[in-house]
Amino acid sequence: MSNPAITAALIAASRQQEAEEAIEGRLAKAKATGPSRAIALDLDAKGKELLDQVLAAGTVKSTGDGRYYLNERAIADRKEGQGFMVLLILLVVASIIASGIALVNAAGN
């Protein structure tokens, strides 16, 4: 039995990682780190969906002429917050394990 909230969080994290690799990775490789270094992206339907995701997250910005670049400040802020997120996930997992153990012990009595 899987917790739907955990499953949803894992799917969201997977999609975020996919967007980071597909879009942010291309921009980083091209050194598109500001409006003057922005590049055009030729994307398929899935790539456009991932682009929309990183644009909404603020880690990628667009120029008026349809080029894209990394928002290094947002990426730095995200990386800074990832340590807290890992700790939070570990605490949730530990809580679920502890609850499972308590339920098993209660059922055994």
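Since the structure is predicted, the reported quantities are computational estimates derived from the model, not experimental observations.
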Hey, are the side chains of L27 and V54 touching, using non-hydrogen atoms and a 4.5 Å cut-off? no

Does a side-chain N-to-carboxylate-O contact under 4.0 Å join K46 and D44? no

Please round to the nearest 0.5 Å and tell me the distance separating atom NZ of K61 and atom CD of E72. 13.0 Å

Please report the closest heavy-atom contact between A32 and A38, naming both atoms and the distance. CB-CA, 4.3 Å

Do any N or O atoms from the side chain of S99 and from the backbone of S95 form a donor-acceptor pair under 3.5 angstrom? yes

Y68 vs L55 side-chain heavy atoms within contact, under 4.5 Å: yes

How about L70 and T59: do any of their side-chain heavy atoms sit closer than 4.5 Å? no

Show the nearest heavy-atom pair for residues K31 and R37, with the distance to one decimal. O-NE, 2.7 Å

Look only at the side chain of T63 and the backbone of R67, and say whether a donor-acceptor pair between them is shorter than 3.5 Å. yes

With a 4.5 Å cut-off on side-chain heavy atoms, are R26 and L43 touching? yes

Heavy-atom distance under 4.5 Å between the side chains of N71 and V60, does that happen here? no

Partners meeting side-chain contact (heavy atoms from CB on, under 4.5 Å) with I97 (sequence neighbours left out): V93, I101

Working to the nearest 0.5 angstrom, can you tell me the gap between Y69 OH and S36 OG? 9.5 Å

